[in-house]
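The structure appears right after this line, and notes come after that.
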Amino acid sequence: MRVMKFGGTSVGSGSAIAQTVSILSAAHQPDKPVIAVVSAMSGVTNLLLGAAEDAAHGRLVDTSDLRHQLLDRHLVAAAETIRDARLRQEAATAVAALADQCLRLVESVQVLGDLSPRVNDWIVSFGERMSSRLVAAVLQDRGVPAEAVDADQVIITDGVFGAASPLFDRTREAATARLRPLLDRGVLPVVTGYFGADESGATTTLGRGGSDFSAAVIGSALDAEEIIIWTDVDGVMTADPRLVPEASTLPAVSFAEATELAYFGAKVIHPRTMQLPAERGIPIWIRNTFRPDHPGTRIGPEPVENGAVKAITAIPGLSVITVEGAGLLSVAGVTARVFSAVARVGINVFMISQASSQHSLSFVVRGADARAAVRVLEEEFELDLLRARLLRVWEDPDLAIVAVVGAGMRGTPGVAGRVFQALGAEGINIVSIAQGSSELNISCVIAAADVARAVPALHRAFELGRTVR
Ligand code: ADP
Ligand code: ASP
Ligand code: MG
């Protein structure tokens, strides 16, 4: 059995869905079944999140406009792809019923003026609920027995709204109970990506870009032979092709490298996707829906050694928080207090550095989390600040991390030197530096405005466009 996940652009229009469906119908064989996992049509998740937010703040006035925006995309795609009139009508009815259910939720947020994480997750799940109906109907129109499946019945989670983790054993039971009978009957399940449900049945999302993770969870739960992530680029590339047009596709990367690349900004795969397949040795392929002849990238267990550095990544929109004071580290447990305070409010820390003078400690967070980080540290160290033992806590905004990633750089001297040289030659100032203890990456904090120059400069310095192909 194989799991095939199709991202937002792969289901983003009638012609994209036609392409997706032709890949699925060619792959689905009686002796080699396929489970599809689909994202919402591109832009729909953002539309729903924006509507929920606007409703909560009294900014959404016209829900009929929202209804049109939601429905039009799906109905136009249905009209373009479903030839059988009855199937087309059924799909339109199903999608409209979902849109109406979603709108009732948005309206209730509007009335209450309050948006809980639980209702937010429920509202935003409708993008995938709608796209899965559409894709299943197009498959049926092509003569492939298919059924849309809501993942609330497949992925059982710990109930952390917005960033849920699957409970693996419960998920294995639920996924087997819901999906095996369909596979046994030769039906191709089209499962919604991005979310599952907690044990009480409340919808919980897995985080933005989480449909990749959904495919990995389902593939691992049902012992798939492989997991194929179909997207809009040829695979994992040496850099984001939007920043570096000459970036090339990597034929293979290891699970650890893919995780590192994803964590440091390669949006092509969600960072949590690799963990479960890596534990089970299930390979993951990244392939291009619009160029199905291209082999794509294989993410697998073997260490793949082709050159020290594989790829350059970037995470924009970051801030550095610095806690500074004379004799800072002589205050017992300061480091522990800093990070437990930040963890208490659920803020993710990307990178940490500490000056050897012991006078300051800095760490990198998302810009959106910076104010909360400063506030919680000022609270935590209120007494120390009063006694002037800790002098200051502040934010440096508008920063980014650029990272140079690859398992082959372990034990390869001179990688850091080349990074500094390349950035220095471009006149780019490095705010701080870290090398992961696994030696899979070197990351530098720079100004966000320098990312567009830094990534191509590093890509050239390591000759990535030429050597890996
Ligand atoms: P999907 O909707 O299919 O999940 P995403 O937009 O989430 O697709 O991810 C694909 C995008 O990731 C590409 O269009 C590309 O611009 C971006 N990307 C960033 N870094 C990389 C990289 N190293 N290799 C390939 N794509 C990358
Ligand atoms: N639709 C969701 C998002 O936009 C999940 C995904 O596409 O992976 O974040
Ligand atoms: Mg994605």
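Index from 1, following the sequence. In each ligand, atom 1 is the first atom listed, and ligand 1 is the first ligand listed. As a basis for the values below, the full set of heavy atoms in this structure was taken, side chains included, without hydrogen atoms, waters or symmetry mates.
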Min N/O separation [X] to ligand 2 under 3.5 Å:
{"X": "Y194", "value": "no"}
{"X": "K5", "value": "no"}
{"X": "D212", "value": "no"}

Looking only at the side chains, is there a donor atom on one of [X] and [Y] sitting less than 3.5 Å from an acceptor on the other?
{"X": "T63", "Y": "E107", "answer": "yes"}
{"X": "T204", "Y": "T157", "answer": "yes"}
{"X": "T192", "Y": "D150", "answer": "no"}

To the nearest 0.1 Å, how far is [atom] from its closest protein heavy atom, and which atom is that?
{"atom": "atom 4 (O) of ligand 2", "value": "R208 NH2, 3.0 Å"}
{"atom": "atom 27 (C) of ligand 1", "value": "V268 CB, 3.7 Å"}
{"atom": "atom 2 (O) of ligand 1", "value": "G8 N, 3.1 Å"}
{"atom": "atom 6 (C) of ligand 2", "value": "S211 OG, 3.3 Å"}
{"atom": "atom 4 (O) of ligand 1", "value": "K5 NZ, 3.0 Å"}
{"atom": "atom 17 (C) of ligand 1", "value": "R242 NH2, 3.6 Å"}
{"atom": "atom 14 (O) of ligand 1", "value": "D232 OD1, 2.9 Å"}

Can you confirm, on distance only, whether ligand 1 has an N/O atom lying under 3.5 Å from any N/O atom belonging to [X]?
{"X": "T238", "value": "no"}
{"X": "S10", "value": "no"}
{"X": "V236", "value": "no"}
{"X": "D212", "value": "no"}

Side-chain heavy atoms of [X] within contact of [Y], under 4.5 Å:
{"X": "L70", "Y": "L48", "answer": "yes"}
{"X": "I227", "Y": "I282", "answer": "yes"}
{"X": "F195", "Y": "W122", "answer": "no"}
{"X": "V144", "Y": "L24", "answer": "no"}

Examine the proximity of ligand 1 to [X] and report which part, side chain or backbone, both or neither, has a heavy atom under 4.0 Å away.
{"X": "K267", "answer": "both"}
{"X": "H270", "answer": "neither"}
{"X": "D240", "answer": "both"}

- prompt: Atom CG in L440, atom OG in S254: separation rounded to 0.5 Å?
  reply: 6.5 Å
message: Please list, in number order, the atoms of ligand 2 under 4.0 Å from a heavy atom of S39.
response: 6 (C), 7 (O), 8 (O)
- request: Mark up the atoms of ligand 2 that fall under 4.0 Å of a heavy atom belonging to G209, in ascending order.
  value: 3 (C), 5 (C), 6 (C), 8 (O), 9 (O)
Inspect the contact between [Y] and [X] and indicate whether a charged nitrogen and a carboxylate oxygen are less than 4.0 angstrom apart.
{"X": "R366", "Y": "D369", "result": "no"}
{"X": "R170", "Y": "E173", "result": "yes"}
{"X": "K267", "Y": "D240", "result": "no"}
{"X": "E426", "Y": "R453", "result": "yes"}

query: Side chain of R272, backbone of F213: donor and acceptor closer than 3.5 Å?
result: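 No.
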field: Flag, side chain of R88 to backbone of I82, donor-acceptor distance under 3.5 Å
entry: yes
query: Hey, is E128 one of the residues with a heavy atom under 4.0 angstrom from ligand 2?
result: yes
4.0 Å heavy-atom contact, G8 with ligand 2: no
Ring-face cation of R298 near F255 (centre distance under 6.0 Å, axis angle within 45°):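 Output no; distance or angle outside limits.
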Atoms in ligand 1 with a heavy atom of [X] nearer than 4.0 Å:
{"X": "G235", "result": "24 (N), 25 (C)"}
{"X": "M237", "result": "22 (C), 23 (N), 24 (N), 25 (C)"}
{"X": "A266", "result": "20 (N), 23 (N)"}
{"X": "T231", "result": "1 (P), 3 (O), 8 (O), 10 (C)"}

message: Against ligand 1, does S211 come closer than 4.0 Å with any heavy atom?
response: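 Per 4.0 Å heavy-atom rule, S211 does not contact ligand 1.
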